[in-house]
Amino acid sequence: MKRIALLGSTGSIGTQALDIIGRNPGRFSVEALVCGSRIDDLAAQIEKFRPRLAAVAREEDAKKLAERFPGLDVYWGEEGLITAATCDCDIVFNSLMGMRGLAPTYAAVLEGKTIALANKETLVAGGDLIMRTAAEKGVSILPVDSEHSAIFQCIQGNEGNPVKRIILTASGGPFRGYSRQQLEEVTLEQALKHPKWNMGRKITIDSATLMNKGLEVIEAKWLFGVRPDQIQVVVHPQSIVHSGVEFMDTSVITQMGLPDMRIPISYALEYPGRCVNDFDSLDFFSTASQLTFEKPDMDTFKCIGFAYRALEEGGTLAAAMNGANEVLVQQFLEKKIKFTDIQDTLEKIMDTHENSHDMSIENILEADRFAREKTMDILKK
């Protein structure tokens with residue numbers, strides 16, 4: 001039985017992970033559950049999965065949970081995240097949103113824990129540090145994102161065969177084919193209607209700007225040890241081919257399936273085996289009867305280019321880009337800025353960022369903090 005510490009248990013990915021765990025009794029036990037502020041949801045999860053410990057963002061919420069569940073170890077804040085990430089478990093499943101995921105991932109790697117990673121920011125901001133430390137500690141990083149899980153699956157059995165190219169697919173989001181002028185008029189409600197995937201609000205906006213794909217480019221570089229010019233983004237509106245790998249003999253292997261995040265989640269949890277899932281199967285005569293592929297419009301949607309730039313320049317630029325993006329997406333979700341303000345302001349932050357190649361965790365977090373402050377200063381003006 002695999003023991004799981006689940007960080008971000010009440011979010012979209014976390015709840016789907018618990019769905020998989022609940023469907024496979026006897027295969028997994030939940031050792032720790034972590035959430036931010038959805039305390040009622042967390043309490044229901046505690047009732048069902050009976051973890052040994054839980055962690056929340058605020059001290060007052062931790063006290064309420066401790067009173068409600070005598071015998072449960074309850075922590076809060078940064079200490080709570082680290083405690084959960086380093087508890088006695090087999091897999092740390094990190095589905096936290098944002099930069100909160102970096103420090104607990106690093107702590108878990110230092111403790112030699114296997115990481116099932118659904119937190120993009122860990123590798124976007126700290127990829128060099130995390131992957132270098134994981135290699136030193138002999139730690140496995142199992143990707144949960146559908147695209148990186150697909151690439152990971154394509155590589156299985158091909159270890160030692162050099163990769164020529166990674167094909168990173170993108171749905172194109174809700175505004176595929178839009179002009180810059182049309183993007184100026186985009187509303188929040190439109191941006192939150194993803195054509196294929198059911199995701200949390202922040203990642204849905206990232207998908208609409210195509211920043212989500214930019215972040216995945218950076219993740220792919222660190223996860224699979226390839227150069228930026230070996231990663232090709234391909235728009236695939238049907239979201240059936242989740243990504244692929246071209247090897248040096250020009251053979252291309254892809255992974256396909258319906259757009260259901262529970263599939264890559266179950267693969268990461270059960271790896272190197274596979275769960276027996278009762279989900280709908282892919283129908284090649286209807287759903288997958290016509291598959292199309294396009295080049296991304298990187299002139300209109302600049303965020304993918306920002307990610308390649310961050311990789312080329314290296315250092316803390318990716319951390320600054322990511323921190324600024326988190327602030328801008330939140331401002332858009334609160335209807336305080338326009339949709340196009342996200343990429344326009346990001347470009348200003350990247351142009352003015354004082355890059356550092358000292359990739360300590362302290363320096364990464366400082367770059368993130370400074371970028372957030374600088375972003376708010378620009379928006380105030």
Phe152: what forms a ring pair (Phe, Tyr, Trp, His ring centres under 6.0 Å) with it, not counting sequence neighbours?
Tyr271
Is it the case that over 12 heavy atoms from other parts of the model lie below 6.0 angstrom from the NZ atom of Lys64?
no
Quick one: do Met359 and Thr316 satisfy side-chain contact (heavy atoms from CB on, under 4.5 Å)? Show the steps, please.
CA-CA 7 Å; Met359 299 303 289; Thr316 56; 3.9 Å; yes
Spacing of Tyr178 atom OH and Glu185 atom CD [to the nearest 0.5 Å]:
11.0 Å
With the threshold set at 4.0 Å, does a side-chain nitrogen-carboxylate oxygen contact exist between Lys113 and Glu111?
no
With sequence neighbours left out, write down each residue that passes side-chain contact (heavy atoms from CB on, under 4.5 Å) with Leu365, or none if nothing qualifies.
Met99, Leu102, Ile361
From Asn161 CG over to Ser251 OG, what is the distance, rounded to the nearest 0.5 angstrom?
10.0 Å
The ring pair (Phe, Tyr, Trp, His ring centres under 6.0 Å) partners of Phe293 (sequence neighbours excluded) come to His236
List the residues meeting side-chain contact (heavy atoms from CB on, under 4.5 Å) with Asp88, not counting sequence neighbours, and say none if there are none.
Arg3, Arg52
How long is the straight-line distance from CZ of Arg201 back to CG of Leu188, given to the nearest 0.5 Å?
6.0 Å
Enumerate the salt bridge (charged side-chain N to carboxylate O under 4.0 Å, His left out) contacts for residues 116-134, please, sequence neighbours excluded, ordered by first and then second residue.
Lys120-Asp145, Lys120-Glu216, Lys120-Glu219, Glu121-Lys202, Asp128-Arg132
Gln16 and Ser12 side chains, donor-acceptor separation under 3.5 Å:
yes
Closest approach of Asp280 to Leu258 (non-hydrogen atoms, all atoms of both residues)
O-CD1, 3.4 Å
Arg176 and Val235: which non-hydrogen atoms are nearest, and at how many Å?
CD-CG1, 3.6 Å
Between the side chain of Lys213 and the main-chain N/O of Ser207, is any donor-acceptor distance below 3.5 Å?
no
Work out which heavy atom in Cys154 is nearest to a heavy atom in Ile253; give both atom names and the distance.
SG-O, 3.2 Å
With the threshold set at 4.0 Å, does a side-chain nitrogen-carboxylate oxygen contact exist between Asp61 and Arg58?
yes
Taking atom CD of Gln343 and atom CZ of Phe301, what is their separation to the nearest 0.5 Å?
8.0 Å
May I ask you to check whether Asp368 and Asn322 show a side-chain donor-acceptor distance below 3.5 Å?
no
What is the minimum heavy-atom distance between Ala268 and Val144, and which atoms define it?
CB-CG2, 3.8 Å
For His148, check ring pair (Phe, Tyr, Trp, His ring centres under 6.0 Å) against everything at least two apart and list the hits.
none
Distance-only polar pair, side chains of Asp283 and Ser286, donor-acceptor under 3.5 Å
yes
Just checking Lys374: does its NZ atom have more than 12 heavy atoms from other residues, nucleotides or ligands closer to it than 6.0 angstrom?
no
Is the ring centre of Phe175 less than 6.0 Å from the ring centre of Phe339?
yes
Between His357 and Asn355, is there a side-chain heavy-atom distance shorter than 4.5 Å?
yes
Test item: side-chain donor near acceptor, Gln153 and Ser149, under 3.5 Å
yes
Quick one: are Asp341 and Phe332 in side-chain contact, heavy atoms under 4.5 Å?
no
Looking at Gly214 and Ala307, what are the two nearest heavy atoms and their distance?
O-CB, 3.1 Å
So, for His242 and Gly257, which heavy atoms are closest and what is the spacing to 0.1 Å?
NE2-O, 2.8 Å
For Arg38 and Thr10, indicate whether the former's side chain and the latter's backbone hold a donor-acceptor pair under 3.5 Å.
yes
Step by step, work out the side chain to side chain donor-acceptor pair (under 3.5 Å) result for Asp358 and Ser356.
CA-CA 6 Å; Asp358 173 10; Ser356 169; 5.3 Å; no
Would the number of heavy atoms belonging to other residues, nucleotides or ligands and lying under 6.0 Å from CD of Gln181 be above 12?
no
For a quick check under 3.5 Å, do Gln255 and Ser243 share a side-chain donor-acceptor pair by atom type?
no
Side-chain ion pair, Glu312 and Arg309, N-O less than 4.0 Å
no
Looking at Arg180 and Asp344, is there a salt bridge between them, counting it only when a charged N and a carboxylate O are closer than 4.0 Å?
yes
Quick test of your reading of the model: are Glu373 and Arg369 salt-bridged, counting only N-O distances below 4.0 Å?
yes
